[in-house]
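Here is the structure we will look at, set down as structure tokens.
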Amino acid sequence: MGGHPPLGYDVKDRRLIVNEAEAANVQMIFKRFVQTGSTTTLARQLREEGVTAKTGRAIDKGFLYKLLNNRVFIGEAVHKGTAYPGEHQAILSRDLWDAAHAILDSAPRTRAANTRAQTPALLKGLIFGPDGRAMSPTFTRRRGKLYRYYTTATALKRGAAECPVRSIPAGEIEGVVVDQLRTLLRAPETVVATWRAAQKMVDGLTEAEVRDALGRLDPLWGELFPAEQHRIVQLLVDRVEVSVDGVDLRLRVDGLTVVARDLGGAVARPAA
């Protein structure tokens with residue numbers, strides 16, 4: 001054996017010995033993952049509750065993926081990609097392991113589809129038409145297929161002819177907003193604004209740490225559940241204004257700080 005023991009175990013005489021307190025945390029994490037189906041949501045909850053890794057560091061999504069795939073917890077040892085019966089005591093039942101991996105093995109899009117119907121429209125309460133009034137999520141069905149839109153209040157109350165922008169396909173405008181968000185999160189001015197706001201909460205925070213934290217969102221976006229995507233957009237976006245000339249997006253700096261913290265890294269460090 002080499003390296004450090006995983007959460008849930010200590011090493012004695014070169015053997016893994018169960019650490020009862022940590023083992024209880026491992027069992028709790030697996031059970032809650034089966035309930036939530038989301039590493040992003042679970043990581044955020046665990047950080048808020050002060051649950052940490054063995055080293056004392058805050059738990060992030062990457063740590064959860066490693067923990068959820070560690071076969072040590074079911075009493076196995078892995079060598080060169082092959083699992084063998086270990087000499088240590090398992091701390092998880094095979095049923096709990098299998099339940100967690102049934103979720104992990106499903107494609108992110110498949111998992112997302114299971115909760116999409118329960119998720120509010122991504123831009124609900126944030127999108128406004130040329131007249132300054134909110135646009136409402138609407139839908140219609142044609143030949144059994146659902147089509148989603150955002151429609152101006154003016155068009156809904158007074159008729160389509162009363163507004164230059166009557167309705168917009170929801171998927172199209174949501175895609176535009178997400179693409180703009182991804183671009184803005186990489187912009188130096190966004191990083192600096194977030195860093196300045198976050199410095200009030202985290203002593204010694206560097207601009208590079210904030211840049212790295214915000215940069216994690218782009219590759220993770222497609223794996224998030226719709227409810228998680230909705231929460232992030234609600235945190236990041238102050239207002240989406242639609243006109244005949246295009247779309248204007250305004251960000252919330254305070255929301256940027258929260259999202260950077262949730263994505264893990266140094267932004268999650270408590271102030272001294």
Side-chain angles (χ1 to χ4, degrees), residues 1-11 16-116 119 212-213 215-229 231-232 259 261-265 267-268:
M1 289 179 57
H4 302 287
L7 186 69
Y9 292 94
D10 296 321
V11 173
L16 289 178
I17 305 298
V18 174
N19 178 316
E20 296 295 344
E22 291 182 1
N25 274 347
V26 172
Q27 293 163 356
M28 175 270 292
I29 289 171
F30 269 79
K31 290 175 182 177
R32 287 176 61 175
F33 174 70
V34 171
Q35 294 170 351
T36 64
S38 168
T39 53
T40 303
T41 298
L42 180 55
R44 184 185 72 250
Q45 293 173 348
L46 294 174
R47 285 196 301 273
E48 291 172 349
E49 295 165 14
V51 180
T52 64
K54 197 176 188 73
T55 59
R57 294 183 60 183
I59 288 177
D60 60 17
K61 186 173 180 178
F63 172 85
L64 283 182
Y65 269 122
K66 291 179 181 179
L67 183 142
L68 292 168
N69 284 286
N70 194 336
R71 304 186 72 87
V72 166
F73 300 133
I74 51 173
E76 296 181 353
V78 178
H79 178 65
K80 294 183 178 180
T82 302
Y84 302 92
E87 297 181 355
H88 60 282
Q89 178 184 341
I91 58 178
L92 291 178
S93 70
R94 190 65 191 229
D95 287 344
L96 181 55
W97 172 270
D98 289 343
H101 278 257
I103 297 171
L104 285 172
D105 293 342
S106 65
R109 290 184 179 180
T110 301
R111 286 186 275 134
N114 292 334
T115 57
R116 190 174 300 280
T119 304
D212 290 344
R216 294 190 186 106
L217 180 60
D218 196 0
L220 285 177
W221 182 262
E223 300 182 15
L224 299 178
F225 278 66
E228 295 162 355
Q229 293 178 346
R231 174 182 174 273
I232 288 174
V259 170
R261 181 198 66 196
D262 286 355
L263 289 168
V267 179

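Quick note: residue numbers are just sequence positions, from 1.
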Q: Side-chain contact test, heavy atoms from C-beta onward, threshold under 4.5 Å: evaluate it for Pro5 versus Lys54 and give yes or no.
A: yes

Q | Separation between CG of Asp10 and NE2 of His4, rounded to the nearest 0.5 Å | A | 13.0 Å

Q) Could you give the distance from NZ (Lys31) to CE (Met28), rounded to the nearest 0.5 Å? A) 10.0 Å

Q.
Once you measure the plane-to-plane angle for Tyr9 and His88, does it fall in the parallel (<30°), tilted (30-60°) or perpendicular (>60°) bin?
A. perpendicular

Q) Between CZ of Phe63 and CG of Leu7, what distance do you get to the nearest 0.5 Å? A) 5.0 Å

Q: Run the salt-bridge test on Asp60 and Lys66 with the 4.0 Å N-O cut-off and return the result as yes or no.
A: no

(Q) Which heavy atom of Pro6 sits nearest to which heavy atom of Asn70, and what is that distance? (A) CB-ND2, 3.7 Å

Q. When rounded to the nearest 0.5 angstrom, what is the spacing between CG in Asn69 and CZ in Arg71?
A. 9.0 Å

Q | Euclidean distance, Thr36 OG1 relative to Gln45 CD, rounded to 0.5 Å | A | 6.5 Å

Q. After noting the C-alpha distance and the side-chain angles of Leu64 and Thr40, does the key distance pass the side chain to side chain contact (heavy atoms under 4.5 Å, CB included) rule?
A. CA-CA 9 Å; Leu64 283 182; Thr40 303; over 6 Å; no

(Q) Contact between Arg44 and Glu49 at the side-chain level, heavy atoms closer than 4.5 Å - yes or no? (A) no

Q) If you take all heavy atoms of Ile29 and Leu42, which pair is closest and at what distance? A) O-CD2, 3.6 Å

Show me, pair by pair, the donor-acceptor contacts under 3.5 angstrom made by side chains of residues 89-98, not counting sequence neighbours?
residue : atom : partner : partner atom : Å
Ser93   : OG   : Leu96   : N            : 3.1
Arg94   : NE   : Asp98   : OD1          : 3.3

Q) Between Phe30 and Ala100, what is the shortest heavy-atom contact and its length? A) CD2-CB, 3.8 Å

Q.
Applying side chain to side chain contact (heavy atoms under 4.5 Å, CB included) to Ile59 and Val51, what does each step give before you reach the verdict?
A. CA-CA 7 Å; Ile59 288 177; Val51 180; 3.9 Å; yes

Q | Donor-acceptor contact present, side-chain Arg47 to main-chain Ala58, <3.5 Å | A | no

